[in-house]
2 protein chains.
Amino acid sequence: MSTVGKAVTLLEAFDVHRPQLGLTELARLTGFDKATTRRLLLSLASHGMIEQNETTRLYRLGPALVRFARIREAHFPFLESARSFVVALAEETGETAHLSEFDTDYLTSTYVEESPQANRVSVSVGDRFPLHATASGLAYLAAARPDYVETYLTRSLERHTPFTLTEPDILRQHLGEIRQRGYSISDQGRAQGVFSVGAAILDGEGLPIGALAVASPAVRASGDTAERHGRAVMLAAGKISARLNGRATNTKDRTR
Amino acid sequence: MSTVGKAVTLLEAFDVHRPQLGLTELARLTGFDKATTRRLLLSLASHGMIEQNETTRLYRLGPALVRFARIREAHFPFLESARSFVVALAEETGETAHLSEFDTDYLTSTYVEESPQANRVSVSVGDRFPLHATASGLAYLAAARPDYVETYLTRSLERHTPFTLTEPDILRQHLGEIRQRGYSISDQGRAQGVFSVGAAILDGEGLPIGALAVASPAVRASGDTAERHGRAVMLAAGKISARLNGRATNTKDRTR
DNA sequence: AAATTGAGGTTCAACTAATGAACCCACGCC
DNA sequence: GGCGTGGGTTCATTAGTTGAACCTCAATTT
């Protein structure tokens, strides 16, 4: 692995539930030597990518990351342009709606609007969705480049529940149906008792960059739920894509 | 420079006004060889820190940065906890109020609430403030560790206007006065015609992590402006620090 | 109070990964 | 059709990275 890759791997050791880590702990989590870990941390810290609490000696993600994130968001306002549509979708369906963004073989939850009902699906910002086991992921794959999909399908796909689809051939067929239908369906693919439908968010070239989904308790999913939610999520995703690209983008326009 | 440092330097080539860059352009901006630049970009891209537009071949900051920023903000909610106080401060003073965060020898503007008046000071999120030439920076320095201040003062300090203070001795004296007073004053230190007062935001150990400031056109700064704005900014900064640390933190409590 | 454990941090010879000059290719333009 | 420009690649040389062993300090344990 390149040195840069190692440095980023170090950053990836942090998450919402482990926002601060010690040197030894970081070395253990990443598998790097303590000396290596420290040298990388210092390099990162000198650029504000990592910060150290001077009394506890613990490391945490630095302010430069926030600065970079703002630059990206200013130019590529994924969240800003989507928030209101997610809220509207949750209201319309009465269920939890969530938006996720593609990032290295996963979709990462970016914004969540939970259902007001007591029995609801709960999702947290930062949660990562495997592509083959969630409605969001399937919607993403259905719109992704064929070569990416093939590469993804040939690796070993984790089975999260007895309902998870892991057979490449079945998945390929499933993706075909999603393309026809316009939205994806995942019946308890990642978590038991959760029924979801999803649709991809597309960039200016028609390639997917994220997904929008509605998740409901499976016990509330009756005959027409998939279609009702599916239409709603498809429409909302289309609107988000359109706004993101400053124009309509439901066609895969590749003329340029 | 370490490879990691170079990789981050590449990220730093992007800013709000230049959110997308080509390979050659990036190599030119950073001074690295084209091959080096590309290899670094690939390493970064494989972790989602950089993204490439497949048709224009231009590179932009990646989604992983946004993910990391969220992890940091979830744990260290600088902006969230401060926003309402900045709005209130702008309202109270009738002038532009802005919050900035320390990041590698500069304060970076994080949130801005502009004055409603036609003749107002305009600040953009992402603007970088030199420590010696702005009210925010001086407030930061006045609360910073002595060894950091000394290191900072011994480098050559840029003169932005005829009013910029660049003499280490004068600055040291100035910082003493700021500590006594509780807020800083910068009369046209960075831009002609801008009068600002500022106060530092402190972490749980009493060390500064950012600053809050009120900036007004110098022509509106009369006799009591400094004191009125100063008191307001000091109070607001104290409240932000307190909320950030979950308790009162205007004393430098180091008992642990 | 001496011994033990475990954390942060450092050193330096061995070694592996980074470097960059020169290269190719594609496209747009005169 | 030749020239300029930008993206991308190659590989011998070179410079940065590695990690076992070490140090220090503070908190437990004996």
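Keep in mind the model is a prediction, meaning the values are calculated, not measured. All values below were derived from every heavy atom in this structure, side-chain atoms included, with hydrogens, water molecules and symmetry-related copies excluded.
Remark: B/T37 OG1 to B/Y59 OH distance equals 9.5 Å, nearest 0.5 Å. Atom CG of A/L61 is separated from atom CD of A/E12 by 10.5 Å, given to the nearest 0.5 angstrom.
In this pair, B/Y148 and B/Y140 present their aromatic rings perpendicular. The plane angle is above 60°, beyond the 30 to 60° band.
Side-chain polar atoms of A/H132 and A/Y152 form a donor-acceptor pair below 3.5 angstrom.
Atom C1' of nucleotide D/dT17 and atom CG of A/L10 are separated by 15 Å, given to the nearest angstrom. Atom C1' of nucleotide C/dT10 and atom CG of A/L41 are separated by 15 Å, given to the nearest angstrom. Protein atom CG of A/L26 is 19 Å distant from nucleotide atom P of C/dG6, rounded to whole Å.
Closest to the side chain of B/R57, from the set C/dA7, C/dG9, D/dG8, is D/dG8. You'll find that the side chain of A/L23 is closest to C/dG9, out of C/dG9, C/dA7, D/dG8.
Listed pair A/Y59 / C/dA7 fails the phosphate criterion, with no side-chain N or O lying under 4.0 Å from OP1 or OP2. At D/dG7, none of the side-chain N or O atoms of B/R38 fall inside 4.0 Å of OP1 or OP2 (strictly under the cut-off).
When side chains are defined from C-beta on, A/E101 does not count as touching A/L107, because their heavy atoms never get closer than 4.5 Å.
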- Message: Within the 4.0 Å limit for protein heavy atoms, which parts of nucleotides 17-24 of chain C are touched? Write it as a string from 5' to 3', B for base, S for sugar-phosphate only, - for none.
- Response: -SBBB---

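Summarising the local packing, OH of A/Y106 is surrounded by 12 or fewer heavy atoms from other residues, nucleotides or ligands at distances under 6.0 Å.
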